[in-house]
Number of protein chains: 2
Amino acid sequence: MAKSNNNDYDIGLEIAFASSAYRAAGLKTLKAHGQDDITREQYGILVLLSLGDGLYQTQIANILGKDRPNITRMIDILETKGLIRREKDTDNRRILKVFLTETGRKKAEKVKPLKERMNKAQCKDLSDEDIEILVTLLRKVRKNIAEEYKIEI
Amino acid sequence: MAKSNNNDYDIGLEIAFASSAYRAAGLKTLKAHGQDDITREQYGILVLLSLGDGLYQTQIANILGKDRPNITRMIDILETKGLIRREKDTDNRRILKVFLTETGRKKAEKVKPLKERMNKAQCKDLSDEDIEILVTLLRKVRKNIAEEYKIEI
DNA sequence: TAATAATTGTTATTATGATAACAGTTTTGA
DNA sequence: TCAAAACTGTTATCATAATAACAATTATTA
């Protein structure tokens with residue numbers, strides 16, 4: 001039963017399912033380690049800031065692929081929780097730079113090994129070559145979609 | 001600059017980005033074709049029903065990988081819009097079977113070519129073999145995550 | 001220089017995602 | 001048989017996703 005053509009697969013659906021499972025695992029492992037006082041998305045911001053502090057909100061939005069209104073709200077929550085702080089830029093008064101507090105930095109450090117374990121588990125029976133191929137193909141389909149539909153990536 | 005190990009890539013992130021681009025393209029093409037009076041997720045339900053009518057809500061939830069409360073809410077909206085109807089099962093009074101109305105069926109038919117075009121665009125420079133490999137690897141990482149974190153898939 | 005456009009962050013609204021708790025119904029098992 | 005467990009759908013709550021509109025500020029350019 002040879003495959004006649006590409007239409008036998010819905011690649012978008014395959015990617016969505018893989019993404020969904022990864023997401024569910026992230027939620028579960030955060031909860032399992034008592035780290036669900038903040039959410040997966042909020043951790044994304046903390047981890048990003050732990051790599052490079054002092055970003056402004058639009059930069060965070062672009063890097064994480066989220067809208068500015070959502071970043072505003074999440075930063076609000078994180079600020080309320082004392083994990084980040086905003087600081088006005090002196091040169092450009094439109095800009096608010098975002099920094100981790102010490103509490104926030106510790107929080108980010110806690111979640112990193114959980115994420116590393118997830119990555120390892122996900123690739124456990126894949127060779128380095130498999131991984132190279134998977135990443136290459138994922139980036140290709142992403143580029144194709146982005147070009148065809150003029151999506152910013 | 002040879003790669004030392006798997007840790008050079010964040011596969012979860014690669015998948016999430018690909019998924020996000022596909023999602024954004026879906027939203028954009030629905031809007032471009034004047035089909036944004038209902039959402040991408042709501043279309044998912046219509047298309048599923050167009051393949052096999054009379055599913056009950058838990059089945060829809062399982063197939064689409066969504067929670068039952070969300071399905072309840074979306075079915076409410078689709079019912080209000082006259083695109084689906086609920087029907088009580090005579091054998092098991094807990095069950096509500098869901099059917100497309102004629103309007104709903106037409107709506108589902110409209111979106112199908114848009115989705116097919118997206119799939120074609122996404123794979124435009126991939127060989128049939130590439131696609132086979134991509135699907136195989138995606139299913140592997142999904143299975144790995146699901147097993148390690150005991151996620152239902 | 002002054003009008004115009006673009007940028008940054010905010011507020012508001014609708015829909016979806018995840019979770020907990022619930023009522024009604026059916027199945028299971030002592 | 002009958003009490004306990006499981007199933008189906010619902011309601012409620014909080015967080016995120018997507019979009020539109022807005023004020024304040026900065027950059028552009030006529």
Side-chain angles (χ1 to χ4, degrees), chain A residues 16-17 19-32 36-45 55-62 64-81 84 86-98 149 151-152, chain B residues 16-17 19-32 36-45 54-62 64-81 83-84 86-98 149 151-152:
Chain A
F17 279 158
S19 177
S20 171
Y22 188 81
R23 177 182 182 77
L27 288 169
K28 199 162 184 175
T29 197
L30 281 179
K31 177 173 269 189
D36 58 337
D37 53 340
I38 64 176
T39 67
R40 199 174 162 280
E41 281 73 16
Q42 290 166 20
Y43 267 120
I45 293 180
L55 297 173
Y56 53 96
Q57 298 190 187
T58 297
Q59 289 180 311
I60 296 174
N62 290 338
L64 297 181
K66 299 185 185 300
D67 301 292
R68 277 173 305 158
N70 290 320
I71 295 297
T72 292
R73 191 180 35 216
M74 286 192 275
I75 296 289
D76 284 345
I77 295 172
L78 291 172
E79 196 171 37
T80 302
K81 290 179 177 170
I84 64 101
R86 287 173 164 109
E87 196 171 293
K88 283 212 169 185
D89 189 285
T90 48
D91 293 336
N92 188 336
R93 284 178 297 168
R94 289 173 300 185
I95 291 177
L96 292 173
K97 288 194 171 180
V98 183
Y149 291 91
I151 306 291
E152 300 285 340
Chain B
F17 279 158
S19 178
S20 170
Y22 188 81
R23 176 180 182 80
L27 289 170
K28 198 162 184 177
T29 196
L30 281 177
K31 177 173 267 191
D36 58 337
D37 53 341
I38 64 176
T39 67
R40 198 175 162 278
E41 280 74 17
Q42 289 167 20
Y43 267 121
I45 294 181
L55 298 172
Y56 53 97
Q57 298 189 186
T58 297
Q59 289 181 309
I60 296 174
N62 290 338
L64 297 181
K66 299 182 187 300
D67 301 292
R68 277 174 304 159
N70 290 319
I71 296 297
T72 293
R73 196 171 35 202
M74 286 192 274
I75 296 288
D76 283 346
I77 295 173
L78 291 172
E79 195 170 38
T80 301
K81 291 179 177 171
L83 299 171
I84 63 99
R86 287 174 164 108
E87 196 172 292
K88 283 213 170 184
D89 188 286
T90 47
D91 293 336
N92 188 336
R93 284 178 297 170
R94 288 174 300 188
I95 292 176
L96 291 173
K97 287 193 172 179
V98 183
Y149 292 91
I151 306 292
E152 300 284 340

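Below, chain A is the first sequence line, B the second, and so on; all start at residue 1. Values reported hereafter were calculated over all heavy atoms of this structure, with side chains retained and with hydrogens, waters and symmetry mates removed. Everything numeric here is computed off the predicted structure, so don't read it as measured data.
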A.B. asks: Go through residues 65-72 of chain B and report each residue with a non-hydrogen atom lying under 4.0 Å from DNA chain D, sorted by number.
C.D. replies: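 Here the set is B/Arg68, B/Pro69, B/Thr72.
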A.B. asks: For B/Ile95 and C/dT25, what is the distance between atoms CD1 and P respectively, to the nearest whole Å?
C.D. replies: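 Between P of C/dT25 and CD1 of B/Ile95: 13 Å.
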A.B. asks: Just the rounded figure in Å: distance from P of C/dG17 to CZ of A/Phe17.
C.D. replies: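 Spelled out: CZ on A/Phe17 to P on C/dG17 is 12 Å.
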A.B. asks: At what distance, to the nearest 0.5 angstrom, does CD1 of A/Ile60 lie from CG of A/Asn70?
C.D. replies: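 The distance works out to 13.0 Å.
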A.B. asks: Between B/Lys88 and B/Leu96, is any pair of side-chain heavy atoms under 4.5 Å apart?
C.D. replies: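 Sidechains of B/Leu96 and B/Lys88: in contact.
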A.B. asks: State whether the distance check finds a donor on one side and an acceptor on the other, under 3.5 Å, for side chain A/Arg40 versus base C/dG17.
C.D. replies: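 No, the side chain and the base share no sub-3.5 Å donor-acceptor pair.
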A.B. asks: Taking DNA chain C as the partner, which of residues 19-32 of chain A come within under 4.0 angstrom of it by heavy atom?
C.D. replies: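 Residues of residues 19-32 of chain A under 4.0 Å from DNA chain C: A/Arg23, A/Leu27, A/Lys31.
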A.B. asks: Could you give the CG-to-C1' distance, from B/Leu78 to C/dA15, as a whole number of Å?
C.D. replies: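 Going from CG in B/Leu78 over to C1' in C/dA15 covers 12 Å.
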A.B. asks: Over how many whole Å does the gap from B/Asp37 atom CG to C/dA15 atom C1' extend?
C.D. replies: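 Interatomic distance, CG of B/Asp37 to C1' of C/dA15: 14 Å.
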A.B. asks: Using whole Å, what does the distance between atom C1' of nucleotide C/dT13 and atom CZ of A/Arg73 come to?
C.D. replies: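 Going from A/Arg73 (CZ) to C/dT13 (C1'), I get 11 Å.
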A.B. asks: Would one find more than 12 heavy atoms of other residues, nucleotides or ligands at under 6.0 Å from atom NZ of B/Lys81?
C.D. replies: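 More than 12 within 6.0 Å, yes.
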A.B. asks: Identify the two heavy atoms, one from A/Tyr43 and one from A/Leu30, that lie closest to each other, and give their separation to 0.1 Å.
C.D. replies: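 Smallest interatomic distance, heavy atoms only, reads CE1-CD2, 3.4 Å.
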A.B. asks: In whole Å, what is the span from the CG atom of B/Asp36 to the P atom of C/dT16?
C.D. replies: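 Nearest whole value for this atom pair: 13 Å.
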A.B. asks: To the nearest 0.5 Å, what is the distance between CG (B/Leu27) and OH (B/Tyr22)?
C.D. replies: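 Taking CG in B/Leu27 and OH in B/Tyr22, the distance rounds to 11.5 Å.
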A.B. asks: What heavy-atom pair brings A/Ala61 and A/Arg68 nearest, and what distance separates the two atoms?
C.D. replies: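 Closest approach of A/Ala61 to A/Arg68: CB-CG, 4.1 Å.
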A.B. asks: Give me the first and last nucleotide of DNA chain D, going 5' to 3', that has any atom under 4.0 Å from a heavy atom of chain A.
C.D. replies: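 First-to-last contact on DNA chain D, by the 4.0 Å heavy-atom rule, is D/dA15 to D/dT26.
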A.B. asks: Can you check the A/Glu79 CD to C/dG9 C1' distance for me, whole Å?
C.D. replies: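 To the nearest whole Å, that distance equals 13 Å.
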A.B. asks: Tell me if a side-chain donor or acceptor on A/Asp67 pairs with a main-chain N or O of A/Pro69 at a distance below 3.5 Å.
C.D. replies: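 Not at all, since once roles are kept as given, no pair shorter than 3.5 Å links the two residues.
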A.B. asks: According to a strict under-4.0 Å criterion, is A/Tyr56 in side-chain N/O contact with OP1 or OP2 of C/dG9?
C.D. replies: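 So the side chain of A/Tyr56 is outside the cut-off, no N or O lying under 4.0 Å from OP1 or OP2 of C/dG9.
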A.B. asks: Rounded to whole angstrom units, what separation is found between the CG atom of B/Asn92 and the C1' atom of C/dG24?
C.D. replies: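 Nearest whole value for this atom pair: 11 Å.
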A.B. asks: When rounded to the nearest 0.5 angstrom, what distance separates CD1 in A/Ile95 from OG1 in A/Thr58?
C.D. replies: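 One gets 8.0 Å once the value is rounded to the nearest 0.5 Å.
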A.B. asks: Identify whether the distance between the nearest side-chain nitrogen and carboxylate oxygen of A/Arg86 and A/Asp76 falls below 4.0 Å.
C.D. replies: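 Looking at A/Asp76 together with A/Arg86, the answer is yes, because their closest N to O distance falls below 4.0 Å.
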A.B. asks: I want to check something: taking the side chain as every heavy atom from C-beta on, are B/Met74 and B/Ile71 in contact at a cut-off of under 4.5 Å?
C.D. replies: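 Touching, per the 4.5 Å side-chain cut-off.
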A.B. asks: Given that A/Ile75 and B/Arg94 both sit by DNA chain C, which one's nearest nucleotide is further toward the 5' end?
C.D. replies: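 Closest to the 5' end, via its nearest nucleotide, is A/Ile75.
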A.B. asks: Is the backbone N or O of B/Ala16 less than 3.5 Å from a side-chain atom of B/Ser20, with the two atoms forming a donor-acceptor pair by type?
C.D. replies: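 No.
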